[in-house]
Peer 1: 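I have a structure here, written as structure tokens, and I will follow up with some questions on it.
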Amino acid sequence: MEDFPSLDIDTPALLIDLDVVERNLDRMQKKAESAGASLRPHVKAHKIPELARLQIQMGAKGITASKVSEAEVMADAGIDDIFIANQVVAEKKIRRLAALSRKTDISVGLDSRDGAKILSEMFSAEKETIDYLIEIDSGLARCGVKPGRPAVELFKSIEHLPSLRFRGIFTHAGQVYGSTNLGEVKAISRLESETMLRTERCFEDIHVHPDVVSVGSTPTMRVWEGCVSVNEIRPGNYIFLDAIQIALGVAKPQECALTVLATVTSRPASGRAVIDAGSKVFALDKGAHGKETTRGFGIVLGRKAVVDRLSEEHGILALDTDEKLKINQRVRIIPNHACTVINLFDKAYAIRRGRVDQELKIAARGTVQ
Ligand SMILES: Cc1ncc(COP(=O)(O)O)c(C=O)c1O
């Protein structure tokens with residue numbers, strides 16, 4: 001991997017290697033297809049409509065979003081099948097959801113009777129109908145009802161509500177980010193799917209057949225072996241991968257498509273170099289979902305160096321004694337968590353074979369509402 005010294009762009013800058021992106025998308029698309037499942041990538045990982053469109057061109061069924069505002073940006077860019085894998089309960093947001101449902105195919109997560117009631121009331125008032133999927137907690141202990149009968153009980157308590165249409169069940173086994181070895185990742189991947197199989201069977205006991213049984217995170221899907229009941233997968237980070245995925249054992253550096261290009265601004269001591277990218281570029285994540293998975297704040301490509309510390313505008317590299325980085329030399333760094341880094345930039349440079357192919361606006365950055 002090169003440091004792209006010839007690129008005429010200022011630093012710090014975000015680079016997206018399009019060849020690597022296409023390989024990552026192709027691999028996951030093929031995995032979904034061979035397991036008989038649709039791919040519905042989570043776009044919070046890239047927040048770029050052009051990349052969402054590429055995912056769909058390559059075979060994805062639609063996209064997953066985490067917020068109404070993220071979905072709005074994607075719908076404005078012409079994406080017409082969006083699942084918001086989250087609870088939408090505030091009246092203001094439900095009104096926006098209803099507006100979205102008039103122009104695009106939209107579905108939403110749900111995990112409570114109270115949440116269902118407010119959705120139903122407001123969609124009835126708007127004379128619209130919304131598709132929903134019940135969220136199942138497969139071990140992350142975030143949102144979601146318990147698998148099996150509790151999920152069926154929730155369904156039975158809301159099935160009579162007007163303006164809601166049951167589409168299926170979904171889960172995200174994000175606890176995988178706390179794994180310490182590949183064996184644990186594989187076990188959580190199996191657990192994620194088996195939890196849904198068990199829950200689907202409970203629905204079948206009452207003669208209800210969920211159209212969609214949806215699972216997914218990047219680590220659990222990178223090692224996934226398929227499951228009879230699962231017919232949709234929702235990884236997001238797989239498009240770029242990052243140092244956390246490498247630490248979990250599910251990715252290699254050459255598979256990481258997103259890098260930060262930075263410049264050495266100071267060599268104040270032997271064994272120490274300072275770059276122009278700090279926590280306002282890399283964020284402080286050392287793992288996802290509050291777990292600590294990585295050493296340092298990113299992987300410096302082709303150099304015997306680690307990103308040891310961050311201030312807001314400075315990254316402090318710890319260098320091996322024979323590493324000869326000089327002032328004004330550039331380094332490329334795989335960030336720990338691509339999803340948070342993408343949200344910190346207005347644009348990224350899409351690169352092909354060492355040249356800028358296009359500038360991509362990160363149109364959905366900051367869409368937290
Ligand atoms: C509900 C849901 N689905 C899918 C994903 C995608 O997982 P990953 O970021 O591991 O690709 C996430 C990520 O947080 C999520 O919260």
Side-chain angles (χ1 to χ4, degrees), residues 21 24-25 27-29 31-32 37-47 51-52 55 60-68 70-71 74 82-88 107-111 132-145 168-179 184-186 188-189 192-193 195-196 212-224 230 232-251 255-258 283 285 287-291 293-294 335-343 364 367-368:
V21 159
N24 291 345
L25 298 188
R27 175 173 161 169
M28 193 59 83
Q29 188 64 46
K31 171 166 277 202
S38 302
L39 176 59
R40 185 183 282 283
H42 206 314
V43 298
K44 72 173 180 65
H46 58 71
K47 291 180 171 279
L51 294 183
Q55 289 173 311
K61 180 173 189 282
I63 61 162
T64 305
S66 40
K67 294 292 176 81
V68 175
E70 200 172 61
M74 293 294 161
I82 305 175
F83 169 47
I84 301 180
N86 206 344
Q87 329 300 318
V88 180
S107 50
V108 70
L110 195 158
D111 73 350
Y132 73 91
L133 281 80
I134 292 181
E135 181 163 6
I136 311 296
D137 180 5
S138 55
L140 176 58
R142 190 175 65 180
C143 297
V145 282
I169 51 179
F170 79 104
T171 195
H172 165 68
Q175 73 272 26
V176 71
Y177 283 99
S179 302
E184 279 179 39
V185 173
K186 288 181 178 167
I188 292 172
S189 180
E192 183 179 47
S193 288
T195 300
M196 300 308 266
V212 182
V213 178
S214 177
V215 301
S217 72
T218 292
T220 57
M221 292 300 101
R222 291 274 293 184
V223 301
W224 196 51
V230 170
E232 181 181 282
I233 63 172
R234 304 183 325 278
N237 180 279
Y238 78 103
I239 186 168
F240 295 146
L241 300 168
D242 55 27
I244 293 173
Q245 307 293 349
I246 294 172
L248 288 170
V250 299
E255 294 175 306
C256 292
L258 185 84
D285 301 33
H289 301 294
K291 304 291 180 185
T293 315
T294 60
N336 279 354
H337 193 179
C339 310
T340 43
V341 171
I342 202 93
N343 194 44
T367 50
V368 291

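Just so you know, these numbers use all the heavy atoms, side chains as well, and skip hydrogens, waters and symmetry mates. Both counts, for ligands and for their atoms, begin at 1 and track the order of listing.
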Peer 1: Is there a donor in the side chain of N237 and an acceptor in the side chain of D242, or the other way round, less than 3.5 Å apart?
Peer 2: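 The answer is yes; a qualifying pair exists.
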
Peer 1: Verify whether one side chain among S214 and R234 offers a donor that lies under 3.5 Å from an acceptor in the other.
Peer 2: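 The criterion, which ignores hydrogens and geometry beyond distance, is satisfied for R234 and S214.
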
Peer 1: Less than 3.5 Å apart, any donor N or O on the side chain of T220 or E192 sitting next to an acceptor on the other?
Peer 2: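 Yes.
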
Peer 1: With L133, which of V213, I169, I84, V212 fulfils side chain to side chain contact (heavy atoms under 4.5 Å, CB included)?
Peer 2: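 Only one of V213, I169, I84, V212 forms a side chain to side chain contact (heavy atoms under 4.5 Å, CB included) with L133, namely V212.
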
Peer 1: Is there a donor-acceptor pair under 3.5 Å between the side chain of H172 and the backbone N or O of G216?
Peer 2: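 Checked: pair present.
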
Peer 1: Which protein residues have a heavy atom under 4.0 Å from ligand 1?
Peer 2: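 Residues near ligand 1: H42, K44, A85, R142, H172, Y177, G216, S217, T218, P219, R234, P235, G236, N237.
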
Peer 1: For S179, which residues count as a side-chain contact (heavy atoms from CB on, under 4.5 Å) partner, sequence neighbours excluded?
Peer 2: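 side-chain contact (heavy atoms from CB on, under 4.5 Å) check on S179 returns V176, E184, V185, I188, L248.
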
